Amino acid sequence: MLFNSYIFILAFLPVTLVVFHLLDAGQCRRISVAWLTSASLFFYGWWNPVYLLLILFSMAFNYLVGTRLSQRRSRMLVIFGIAVNLVLLGYFKYANFFVDTFNTLANTGFVLETIVLPLAISFFTFQQITYLIDAYRGLTRQYDFLHYALFVSFFPQLIAGPIVHHSEMMPQFMDTEERRFSHDKFAIGISAFVIGLAKKVLIADEAARYATPVFSAAQAGSPLSFLEAWGGCLAYTFQLYFDFSGYSDMAIGLALMFGITLPLNFFSPYKAQSIIEFWRRWHMTLSRFLRECLYIPLGGNRKGPSRRYINLMITMLLGGLWHGAGWTFVIWGGLHGIYLAINNLWHALKQRLGIDGRRSRLWTKMLSCGITFVAVSVAWVVFRAESSGAALSMLGSMSGMNGLSGGPLFKGIEEIRILVVSALIVWCLPNTYQLLERYRPALETYPDVADSAYTGRIQWSPSKAWAVFVGVMGLAALLSCTRASEFLYFQF
């Protein structure tokens, strides 16, 4: 079931909300938690009921291991718990990839039946690994299984994040006053959901119309012109931005309707002035997980510069592989590993030369933002391409190898319009968190990124004007949901 489908918007969500708040208002607090957990599992099972058994096993296993760890710390037990999670993830997500790779390298012919990737397995696996690590460190309290099941399956963040800590969610699930129906939270939640829905169906899906044919042509080996290749690259760059930004807004909005505040997961990453800053703004909770559970345990920056760059590369390679079982994802992760290494070397050089980046002029900040955006866009080509050959073909065309003129896949004014509109929204307007900033709609994952006060004139308020604006935008988005398309992070 998709957030942008009629069955979700007009049936599942209203029924789930009404029953939940009626139960809560009637002092049936535990029943309301059970209802929300059951609804979340129903939401998950809508796609493929068979995989309900997988997520139920995962929840039961990790709850038992976590409970045991909170009673008595055991290094062997936490390693065992993490290993079981990784084995499940590895089998469903990477078994076919590893067999195909082995066949290619060893010239063998092993055959493994195609394994359908269970929905959201990467997200609920990482979330529970974090829980086990926190339990081992003595940072968890004992909770009953019902609340733990809701922590894992809570449908607003189940499919594509954010990847939440137990300490962020469990107290909210336990606090009946926090969950009490609030007109303010409900209005903020609806507004965030509508903004996210509009980003998805009015911008991301529109940009996909121009990106998909270009990447398909590259995969088929068709030569692309400079304008076709860059048009497709930029269209996908904005498609992915608004697709994931839209999902993140919708997740925050949905949670607020139930009185729950999720961590911030997306904060204008294309405004970043460096790759380091980009990764503090893009998929913020994944960056947090990779830093806390991989980069720091590897040694972080504590063992000298050389080891630091090795740790960065390992972290980004594995982060790339997490996004998908294919060499293009590994190469994409490696590219970002190289970017981060160059970025850190540049910072080290500036410190040695005594250059204070905070005093940079506007034009240098714009130049830094532009260089970062181009680097990220080039890497997205590898991320999106169906093969390394298609990626090289696209990058070659973007460098002008096949000529600079347009082609049949470049739609001229029509395509330029969506690119310009996307660019204006990305760089000239506040993001959803900034619009709602005075109401703190999300937990700040990186306070140094999101906590700077937004001083712009465009800010949401519970007024008639904003109600009309959100209502009109919601109606336009709803009318465009006739063909619900999957989110790009839908099956990671």
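Remember, predicted model here, so these are calculated numbers, not experimental data.
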Let me check something: any side-chain donor-acceptor pairs from residues 417-425 under 3.5 Å, sequence neighbours excluded? List them with distances.
residue, atom, partner, partner atom, Å
S422, OG, I418, O, 2.7

If you compare all heavy atoms of [X] against all heavy atoms of [Y], which two are closest, and at what distance to 0.1 Å?
{"X": "L264", "Y": "F267", "value": "CD2-CD1, 3.6 Å"}
{"X": "G259", "Y": "Q172", "value": "O-OE1, 4.2 Å"}
{"X": "Y51", "Y": "Y44", "value": "O-CE2, 3.5 Å"}
{"X": "F266", "Y": "S248", "value": "CB-OG, 3.8 Å"}
{"X": "K271", "Y": "E277", "value": "O-OE2, 4.4 Å"}
{"X": "L132", "Y": "G81", "value": "CD1-C, 3.7 Å"}

For a 4.5 angstrom cut-off between non-hydrogen side-chain atoms, does [X] reach [Y]?
{"X": "L158", "Y": "F154", "result": "no"}
{"X": "I276", "Y": "N344", "result": "yes"}
{"X": "L240", "Y": "W282", "result": "yes"}
{"X": "Q157", "Y": "L254", "result": "no"}
{"X": "P263", "Y": "M284", "result": "no"}
{"X": "L56", "Y": "L41", "result": "yes"}
{"X": "H147", "Y": "M174", "result": "yes"}
{"X": "W380", "Y": "C233", "result": "no"}

Please answer whether the main-chain N or O of [Y] pairs with a side-chain N or O of [X] as donor and acceptor at a distance below 3.5 Å.
{"X": "Y94", "Y": "L321", "value": "yes"}
{"X": "N4", "Y": "S485", "value": "yes"}
{"X": "D243", "Y": "L488", "value": "yes"}
{"X": "W279", "Y": "S287", "value": "no"}
{"X": "H166", "Y": "L139", "value": "yes"}
{"X": "D249", "Y": "A192", "value": "no"}
{"X": "S32", "Y": "L23", "value": "no"}
{"X": "N343", "Y": "I275", "value": "yes"}
{"X": "T212", "Y": "A208", "value": "yes"}
{"X": "K199", "Y": "F242", "value": "no"}

Just checking, R73 and Y136: is the charged tip under 6.0 Å from the six-membered ring centre and within 45° of the axis?
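R73 over Y136 ring: yes.
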Check the side chains of [Y] and [X] for a donor-acceptor pair under 3.5 angstrom, ignoring hydrogens and angles.
{"X": "N85", "Y": "T125", "value": "no"}
{"X": "T372", "Y": "Q273", "value": "no"}
{"X": "D134", "Y": "T140", "value": "no"}
{"X": "H165", "Y": "E292", "value": "yes"}

For [X], give me all partners under ring-ring contact (aromatic ring centres under 6.0 Å, His included), at least two apart in sequence or on another chain.
{"X": "Y236", "value": "F215"}
{"X": "Y148", "value": "Y63, Y131, F151"}
{"X": "W46", "value": "F42"}
{"X": "Y339", "value": "H336"}

To the nearest 0.5 Å, what is the distance between [atom1] on [X] and [atom2] on [Y]?
{"X": "C293", "Y": "L318", "atom1": "SG", "atom2": "CG", "result": "12.5 Å"}
{"X": "L256", "Y": "S182", "atom1": "CG", "atom2": "OG", "result": "9.5 Å"}
{"X": "L286", "Y": "R291", "atom1": "CG", "atom2": "CZ", "result": "11.5 Å"}
{"X": "M59", "Y": "Q127", "atom1": "CE", "atom2": "CD", "result": "11.0 Å"}
{"X": "S368", "Y": "W363", "atom1": "OG", "atom2": "CH2", "result": "9.0 Å"}
{"X": "L298", "Y": "L290", "atom1": "CG", "atom2": "CG", "result": "10.5 Å"}

Does the pair T67 and Q71 meet the rule for a side-chain contact (heavy atoms from CB on, under 4.5 Å), with working shown?
CA-CA 6 Å; T67 300; Q71 295 169 348; 3.8 Å; yes
With sequence neighbours excluded, residues passing salt bridge (Lys or Arg N to Asp or Glu O under 4.0 Å) with [X]:
{"X": "K411", "result": "none"}
{"X": "R29", "result": "D24"}
{"X": "D205", "result": "K200"}
{"X": "R209", "result": "E206, E414"}

What do you reckon, is CD1 of I416 surrounded by more than 12 foreign heavy atoms closer than 6.0 Å?
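Check passes, neighbour count above 12.
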Contacts of L146 that satisfy side chain to side chain contact (heavy atoms under 4.5 Å, CB included) - sequence neighbours left out
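If we apply the side chain to side chain contact (heavy atoms under 4.5 Å, CB included) test to L146, skipping adjacent residues, the hits are R30, V33, A34, T37, D144.
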Show me the side-chain donor-acceptor pairs of residues 462-479 shorter than 3.5 Å, one per line, residues at least two apart or across chains.
residue, atom, partner, partner atom, Å
S463, OG, S461, OG, 3.3
S463, OG, W466, N, 3.4
W466, NE1, Q459, O, 3.1

Return the orientation label for the F3 and F155 ring planes: parallel under 30°, perpendicular over 60°, tilted otherwise.
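Judged by the thresholds at 30° and 60°, the geometry between F3 and F155 is perpendicular.
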Classify the angle between the aromatic ring planes of F43 and F12 as parallel (below 30°), tilted (30 to 60°) or perpendicular (above 60°).
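F43 vs F12 ring planes: tilted.
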Which is it for M250 and F487 under the side-chain contact (heavy atoms from CB on, under 4.5 Å) test, yes or no, and what are the steps along the way?
CA-CA 12 Å; M250 294 167 82; F487 290 86; 3.9 Å; yes
Could you give all pairs that pass the side-chain hydrogen bond (donor to acceptor under 3.5 Å, both in side chains) test and reach residues 469-481, with sequence neighbours left out?
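Not a single pair qualifies under side-chain hydrogen bond (donor to acceptor under 3.5 Å, both in side chains).
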Whether R288 and E168 form a salt bridge (side-chain N of Lys/Arg under 4.0 Å from carboxylate O of Asp/Glu) is what I want to check.
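Between R288 and E168 there is a salt bridge, with a charged N closer than 4.0 Å to a carboxylate O.
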Can you check side-chain contact (heavy atoms from CB on, under 4.5 Å) on F258 and L36, steps first, answer last?
CA-CA 9 Å; F258 292 93; L36 187 52; 3.7 Å; yes
CA sep, side-chain torsions, deciding dist, call: I195, L435, side-chain contact (heavy atoms from CB on, under 4.5 Å)
CA-CA 10 Å; I195 292 170; L435 279 177; 4.0 Å; yes
